[in-house]
Amino acid sequence: MSPSDNHESAASSAVDAVAQFEDTRTGLVGRLQNRLHQTPSLVPLIVLLFSVILFGVLLGSRFFSPFALTLILQQVQIVGVLAAAQTLIILTAGIDLSVGAIAVLCTVVMGKATFSYGIPPAVSVAIGLTVGTALGAISGWLVSRMKLPPFIVTLGMWQIVLAANYLYSSNETIRSQDIEADAAFLQFLGTKLQFGGATFTLGVVLMILLFVGLAYALRSTAWGRHVYAVGDDPEAAQLSGVDVHKTYMSVYMAAGLICGLAGWVMIGRFGSISPSATTGVIGNIQAITAVVIGGISLFGGRGSIAGALFGALIVGVFELGLRMAGADPQWTFMLIGLLIIAAVAVDQWIREVSA
Amino acid sequence: MSPSDNHESAASSAVDAVAQFEDTRTGLVGRLQNRLHQTPSLVPLIVLLFSVILFGVLLGSRFFSPFALTLILQQVQIVGVLAAAQTLIILTAGIDLSVGAIAVLCTVVMGKATFSYGIPPAVSVAIGLTVGTALGAISGWLVSRMKLPPFIVTLGMWQIVLAANYLYSSNETIRSQDIEADAAFLQFLGTKLQFGGATFTLGVVLMILLFVGLAYALRSTAWGRHVYAVGDDPEAAQLSGVDVHKTYMSVYMAAGLICGLAGWVMIGRFGSISPSATTGVIGNIQAITAVVIGGISLFGGRGSIAGALFGALIVGVFELGLRMAGADPQWTFMLIGLLIIAAVAVDQWIREVSA
Amino acid sequence: DGHSPSACLITKTDTNPFFVKMREGAAAKAEELGITLNSYAGKVDGDHETQVQAIETCIANGADGILLTASDTSSISPVVQQARDAGLLVIALDTPLEPIDAADMTFATDNFLAGELIGKWAAATLGDEASNAKIGMLDLAISQPTVGVLRDQGFLTGFGIDIKDPSKWGDEDDPRIVGHDVTSGNEEGGRRAMENLLAIDPFINVVYTINEPAAAGAYEALRAIGRENDVLIVSVDGGCPGVQNVAEGVIGATSQQYPLLMASLGIEAIAAWAKDGTKPEATEGKNFFDTGVSLVTDQPADGVESISVAEGTDRCWG
Amino acid sequence: MEPILKARNLVKRYGKVTALDHADFDLYPGEILAVIGDNGAGKSSMIKAVSGATIPDEGQVWLEGKEIKFRSPIEARDMGIETVYQQLAMSPALSIADNMFMGRELRKPGIMGKVFRQLDKSAMEKFAREKLSELGLATIQNINQAVESLSGGQRQGVAVARAAAFGSKVVILDEPTAALGVKESRKVLELIQDVRSRGIPIILISHNMPHVFEIADRIHVHRLGRRLCVIDPKDHSMSDAVAYMTGAAVPEMAA
Amino acid sequence: MEPILKARNLVKRYGKVTALDHADFDLYPGEILAVIGDNGAGKSSMIKAVSGATIPDEGQVWLEGKEIKFRSPIEARDMGIETVYQQLAMSPALSIADNMFMGRELRKPGIMGKVFRQLDKSAMEKFAREKLSELGLATIQNINQAVESLSGGQRQGVAVARAAAFGSKVVILDEPTAALGVKESRKVLELIQDVRSRGIPIILISHNMPHVFEIADRIHVHRLGRRLCVIDPKDHSMSDAVAYMTGAAVPEMAA
Ligand SMILES: Nc1ncnc2c1ncn2[C@@H]1O[C@H](COP(=O)(O)OP(=O)(O)OP(=O)(O)O)[C@@H](O)[C@H]1O
Ligand SMILES: Nc1ncnc2c1ncn2[C@@H]1O[C@H](COP(=O)(O)OP(=O)(O)OP(=O)(O)O)[C@@H](O)[C@H]1O
Ligand SMILES: [Mg+2]
Ligand SMILES: [Mg+2]
């Protein structure tokens with residue numbers, strides 16, 4: 001050992017303790033803060049409960065009825081499923097403007113396959129889901145291999161898919177009655193489960209199972225950890241041994257598949273198949289809104305997918321609540337705008353307080 | 001001096017030369033690569049020229065006429081002005097979904113001020129511009145002080161402004177004929193300058209001056225350097241002495257003001273004032289498209305504002321060219337989608353090759 | 001001048017089946033007469049800007065005439081004037097311009113009348129119950145495009161309700177109106193809007209819908225709570241799926257319009273203009289060429305003229 | 001002698017972590033004060049608190065005897081305190097000259113500067129080139145090069161040059177040589193002595209004991225969020241310093 | 001003896017900059033090879049080229065005598081080469097355990113792991129805690145803590161622990177002690193010797209000459225993008241090494 005670093009040996013008998021800091025926050029507020037800090041997805045849940053209570057107080061039993069409360073679930077099922085897809089993309093620091101358009105195209109593909117080509121409905125559904133997955137794969141490839149920004153890729157994809165949807169369907173609607181008569185399986189997810197006044201559809205059940213499944217996959221599998229790592233810092237993930245390309249591809253393909261499922265849910269909910277469904281145009285913004293109200297960071301790598309479900313429900317509660325309270329559609333639109341900003345501001349504030 | 005670091009003194013007679021690398025690329029291609037590397041905004045300019053030539057060859061003198069070529073300028077003037085506002089926001093690593101809605105609201109404010117409150121048109125224009133600036137200031141404050149993501153703030157702002165616009169105007173259109181008769185100044189930017197078949201409007205002139213002015217401000221003033229620094233890394237900018245809050249506020253207010261100008265341009269172009277103008281709904285996406293085709297990074301801090309003008313023109317050339325070639329609107333829509341992806345892919349590729 | 005005549009068709013959107021059929025009619029007639037047809041459409045409902053750009057394109061392209069379904073009937077006038085100055089024949093289809101003589105001629109359906117017919121029919125069908133009706137209004141969009149306002153206000157007028165300002169919906173205070181909601185004119189919006197109104201008042205028994213897809217969506221919502229048989233749904237359009245829905249009792253009555261007819265007449269007019277400069281004539285006693293509107297229902301009501309579903313099916317457009 | 005910069009009882013908490021736990025601090029005119037301590041001892045937190053980059057939860061700071069409360073680094077800079085932060089505060093896409101003058105750009109004389117607020121790029125470039133040459137970074141070929149295209153060492157050089165050029169009262173350097181090679185480190189040490197010879201006091205945070213003992217006039221030992229002691233490098237060995245900062249020994253004066 | 005890792009004529013260009021200019025490189029079994037050189041000499045570029053993080057423009061690499069062409073760091077890892085990069089490759093929002101096992105997660109035994117692919121979090125946490133204790137980082141309170149909440153030194157410790165734990169053929173450390181305090185640096189040096197005593201050769205890039213001379217078996221001097229010479233620390237002084245790497249002197253063998 002050279003003599004020059006003798007001084008460093010003085011460190012060998014160093015005390016190993018570091019400053020230990022206790023959490024000085026106690027009592028109910030303190031414990032709440034602590035809890036929120038550990039589980040940030042509680043924040044949108046609290047906002048959700050708060051808004052349900054708010055409208056419950058305002059509107060009484062009209063709103064607090066099994067009918068109205070399960071109606072909200074039915075109304076958010078499409079946006080909810082799309083938000084699940086959107087969450088995956090946003091967790092990788094992307095954004096997907098094409099989710100709604102892909103969902104609508106998938107409904108059209110399912111309908112066309114059955115009614116124009118005479119394919120059995122179950123196979124048609126599979127074809128629709130495959131188309132969704134394939135479109136996701138194209139976006140994923142452009143993002144991962146061509147290194148194009150997801151915003152651009154999916155902006156282009158949105159326009160392409162929407163136009164393809166109109167061209168392919170010649171803007172023709174397939175009527176609910178015809179589907180019911182000839183291909184009831186397409187409407188399978190519209191099947192109702194009644195418990196007293198409460199009505200659940202299989203679409204709602206699918207949405208909830210989807211969130212449970214994805215929450216598990218994101219938290220408890222290697223794939224989920226890789227999704228977060230890639231969203232956090234793709235270069236670091238690459239260097240520390242994540243197959244970034246595979247992760248991107250799996251995420252975009254899963255998102256495409258989920259969009260296909262959303263399409264199937266749409267057929268169940270509306271009965272008919274219409275290429276001009278509004279979801280194609282505003283489904284993306286609705287899904288993004290749900291995700292951000294759910295506290296998932298647009299910068300990737302942070303947030304829990306449960307938040308997206310709560311986010312979708314918050315919007316659903318406000319929309320129905322405001323309508324029931326007699327706000328006209330324009331005011332409702334404006335108040336939802338305020339809600340978006342307020343929800344994120346509250347989220348930010350709670351995080352700060354509970355930091 | 002302690003003896004331990006004697007070895008470092010050996011460095012005192014170190015050779016000061018570093019490895020010098022020559023640029024080995026010569027010839028035309030090499031020089032072009034070099035040029036592109038130094039001035040990346042040339043890339044969209046090249047794409048623009050290429051697309052003009054493409055349609056010129058396809059459509060012949062119908063397209064290569066002064067009338068058609070200046071028509072493109074007129075058709076992009078609104079999107080162009082909005083893209084200027086969008087560029088400022090995107091340079092600070094934000095995104096503004098409310099630009100179109102603010103522009104439309106400003107037209108309504110100008111019209112209402114003149115026709116409902118009897119304010120002189122010139123003052124009404126000033127009021128409209130003030131409203132735009134004020135809305136920008138609100139967004140800026142939420143982004144800068146409340147630390148909310150720009151995407152959320154402007155998403156909420158978009159909905160709020162659009163609904164406010166419908167509510168405030170009671171969906172009433174002010175007819176072109178009435179404006180011409182009673183408040184011609186509102187249509188001032190529609191004034192035409194004719195040179196042979198070529199037609200320029202003052203709105204087009206304003207758009208070009210706006211880009212020249214902003215290009216100067218961004219490149220040659222301290223403010224411009226601060227905008228880039230904040231977009232690059234707001235924390236680093238703060239630590240190295242930039243007043244980040246002031247920069248954000250100035251950028252969002254300038255963007256709001258420019259949206260107000262876009263509103264004035266709209267009145268000039270359409271003659272009438274209509275709260276349901278589609279710019280309110282799709283102006284944001286159009287402006288973002290122009291900016292990204294123009295090669296400005298959505299991550300902030302990189303890109304030249306001239307690119308946004310070229311980007312808007314590229315879209316304008318394609319739209320007019322495809323329309324003149326008789327393409328179905330849905331095909332046009334689809335091809336613009338492809339164009340977005342292709343333009344950014346080409347941009348990426350040229351940057352890589354010329355790196 | 002040697003080249004074959006060319007015409008432009010500019011519609012509000014190209015996603016609504018109504019305009020899709022209009023284009024089909026125009027395309028068929030154009031092919032028959034050897035006319036080059038270019039079609040344009042707004043990107044969304046109410047898209048005025050794209051229509052202006054389309055007219056400018058037609059001028060640049062040297063077309064002979066334009067068939068126009070204007071999104072913004074007054075704002076479009078200056079650019080229409082520009083086209084007419086450049087020697088193009090401009091025919092307003094479906095929706096009259098404001099003022100109506102801004103176009104060379106108008107081939108139109110009266111949307112207000114279309115609404116009025118279904119309003120009268122609904123009132124007559126309910127009879128005395130009309131005074132206790134609970135009405136849900138499913139409109140187009142919150143930007144209140146004119147066609148939506150005309151149909152809505154026509155319906156209310158026909159039903160016997162004071163519409164206050166005829167240029168907008170939502171300002172009425174008749175207690176029979178449960179509420180207005182917007183549908184974007186498709187099944188998706190129809191279902192959600194109906195659910196929202198049902199949440200306000202589950203005993204709605206008359207539903208006005210902007211068009212038949214919205215009506216189909218509303219029907220799904222009613223069916224979900226088992227009320228599909230005790231609600232009267234009325235609509236406007238007369239597309240084939242819509243007429244079939246009338247036949248199956250999904251919709252009580254619909255006002256049928258004739259987009260194919262309008263479009264083919266328009267193409268013929270442009271052909272004539274290109275050949276010898278003759279302009280089309282207006283219908284006797286009106287300042288436009290009325291292509292007509294008929295009430296389609298199998299439950300005719302006293303005092304409201306209507307055609308049968310069978311006849312409606314013969315004349316439907318999609 | 002009055003300290004030029006003085007702090008008492010600084011407290012800064014990050015959630016559960018107390019980064020500063022009633023820390024004191026004194027800097028005297030014209031001296032080089034080294035601050036040493038373990039990783040996480042709170043050295044960076046302390047200098048951030050006195051340079052306006054963070055606002056301490058408690059405690060007071062005095063500059064030349066007057067109490068100051070900075071709300072942003074800009075205020076500290078305006079009072080002549082220049083800081084090189086551990087995570088270099090640079091805008092990677094901007095040029096070296098732009099970065100050096102960030103926030104205090106020079107404007108052209110005359111109407112172009114006054115009315116059109118045009119920057120005097122050539123003057124800024126000239127100044128930047130001079131300052132870098134003084135640091136032996138003359139080899140940077142192009143002063144308009146983006147900072148991101150520089151090596152880590154070159155970048156650190158630019159940051160130090162900026163602080164040295166503009167600091168009028170106090171220059172603070174947080175681990176300025178961490179990423180530097182032997183040759184580059186020596187240049188920075190020379191520069192530090194140069195700044196002191198202009199009468200400006202310097203705070204140097206470093207883990208390199210030989211460097212600290214070579215140039216520091218006094219050594220502030222930081223431990224567990226507070227000042228443990230201040231030692232004179234002439235009276236103490238490096239081993240003493242290391243023992244104190246790691247907790248292997250307890251300084252007499254504090255004992 | 002055959003080198004375990006060998007490279008010849010590596011060339012890597014970044015636009016105008018030639019980071020590697022026909023560099024050669026040899027690592028023998030069981031040795032600690034230090035790589036020294038000025039900032040920007042191309043040290044990091046070289047180890048990136050041999051660890052698959054970048055693909056060299058020219059040149060060949062052999063591992064245990066077999067030529068290899070890595071297309072990604074994953075391939076290098078799978079062959080037993082573990083690297084701690086200069087800019088630490090960590091996912092800040094994930095926990096320490098997640099980061100340590102990134103890309104080689106352990107799954108639960110039985111059906112939960114096979115079918116549902118559930119991670120065995122407790123096993124990974126236990127392993128991570130052990131490895132950190134070995135490094136003297138036992139003081140990290142919570143193995144589930146996000147990496148971003150660690151101090152720079154603690155973070156570097158986690159990265160080194162990961163490489164030491166998983167490297168089976170070669171461990172590469174690019175300036176592992178740059179941000180570390182005296183005590184923490186010593187721990188890392190001890191760990192390096194520990195890894196070598198397990199028979200695994202180590203490449204250490206460092207600017208700290210005393211550390212290099214203390215533990216290196218051979219010293220690779222890098223200058224201007226290529227290997228200038230390899231010296232034995234027993235035959236050369238630190239001054240020699242510094243003189244060679246800065247260009248103040250020319251090594252005899254190369255002359
Ligand atoms: N922004 C922050 N958020 C949360 N904790 C922080 C933050 N900044 C510092 N800390 C914590 O405060 C403590 C002191 O950190 P500080 O950076 O001041 O240490 P330091 O003495 O500069 O260490 P080093 O020598 O590693 O730079 C550490 O435990 C660190 O994790
Ligand atoms: N991704 C990159 N893009 C452009 N240039 C690069 C890149 N990476 C390295 N360089 C350049 O290559 C040269 C060698 O860099 P490298 O990081 O290998 O040096 P180093 O010897 O590791 O230096 P240090 O001791 O500062 O870490 C430098 O001039 C650097 O600027
Ligand atoms: Mg520090
Ligand atoms: Mg390096």
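In what follows, chains are A, B, ... by sequence order, proteins preceding strands, each numbered from 1. Given the structure is predicted, the values throughout are model-derived calculations rather than measurements.
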*Could you grab the distance from atom CD of C/Glu188 to atom OG1 of A/Thr107, nearest 0.5 Å is fine?*
9.5 Å
*Engaged part of A/Phe333 at the chain C interface, taking heavy atoms whose separation is under 4.5 Å*: side chain
_Atom group of A/Glu180 that falls short of 4.5 Å from chain C, counting heavy atoms_ = side chain
*Under a 4.5 Å cut-off applied to non-hydrogen side-chain atoms, are C/Gln244 and A/Gln177 in contact?*
no
*asked:* Heavy-atom pairs under 4.5 Å with chain C: which of A/Gly271, A/Pro275, A/Ser272 has the most?
replied: A/Ser272
*Do the side chain of C/Glu195 and the main chain of A/Gln75 share a donor and acceptor less than 3.5 angstrom apart?*
no
_Part of A/Thr278 within contact of chain C (heavy atom distance under 4.5 Å)_ = both
*Identify the residues of residues 186-206 of chain A whose heavy atoms come closer than 4.5 Å to a heavy atom of chain C, ordered by number, or report 'none'.*
A/Lys192
*Please state whether the side chain, the backbone, both or neither of C/Val250 comes within less than 4.5 Å of a heavy atom of chain A.*
side chain
*Give a yes or no on whether A/Tyr168 atom OH has more than 12 heavy-atom contacts from other residues, nucleotides or ligands under 6.0 Å away.*
yes
*So how far is it from C/Arg192 CZ to A/Gln74 CD, rounded to the nearest 0.5 Å?*
11.0 Å
*Determine the minimum heavy-atom distance between A/Ser170 and C/Val20, stating which atoms define it.*
O-CG1, 4.1 Å
*State whether the number of non-hydrogen atoms from other residues, nucleotides or ligands found under 6.0 Å of C/Lys134 atom NZ is greater than 12.*
no
*With distance as the sole test, does A/Asn171 use its side chain to make a donor-acceptor pair with the main-chain N or O of C/Asp14 at under 3.5 Å?*
yes
_Interatomic spacing from CG in C/Asp181 to OG1 in A/Thr332 - rounded to 0.5 Å_ = 7.5 Å
*Between C/Glu187 and chain A, which part of the residue has a heavy atom less than 4.5 Å away: side chain, backbone, both or neither?*
both
_Would you say that more than 12 heavy atoms from the other residues, nucleotides or ligands in this model lie under 6.0 Å from the OH of A/Tyr117, or not?_
yes
_Please rank A/Met266, A/Gln330, A/Arg269, A/Glu319 by heavy-atom pairs under 4.5 Å with chain C and give me the top one._
A/Arg269
*Given that the side chain runs from C-beta out, which part of C/Ala199 has a heavy atom under 4.5 Å from chain A: side chain, backbone, both or neither?*
both
_Please classify the contact of A/Ala277 with chain C as side chain, backbone, both or neither, using a heavy-atom distance under 4.5 Å._
both
*asked:* What part of A/Ser276 gets within 4.5 angstrom of chain C, counting heavy atoms only: side chain, backbone, both, or neither?
replied: both
*Where is the tightest heavy-atom contact between C/Glu220 and A/Ser176, given as atom of each residue plus distance?*
OE2-OG, 2.5 Å
*Side chain / backbone / both / neither for A/Phe67 at chain C, heavy atoms under 4.5 Å*: side chain
_Atom pair CG/CD of A/Asp178 and C/Glu248 - distance to nearest 0.5 Å_ = 7.0 Å
_With a 4.5 angstrom heavy-atom cut-off, is it the side chain or the backbone of C/Ala193 that approaches chain A, or both, or neither?_
neither
*Gap between atom CG of A/Asp328 and atom CD1 of C/Ile142 - 0.5 Å precision*: 9.0 Å
_Quick check: closest heavy atoms across C/Ile200 and A/Met324, and the distance to 0.1 Å?_
CG1-CA, 3.7 Å
*State the CZ-CG distance between A/Arg62 and C/Asp201, to the nearest 0.5 angstrom.*
8.5 Å
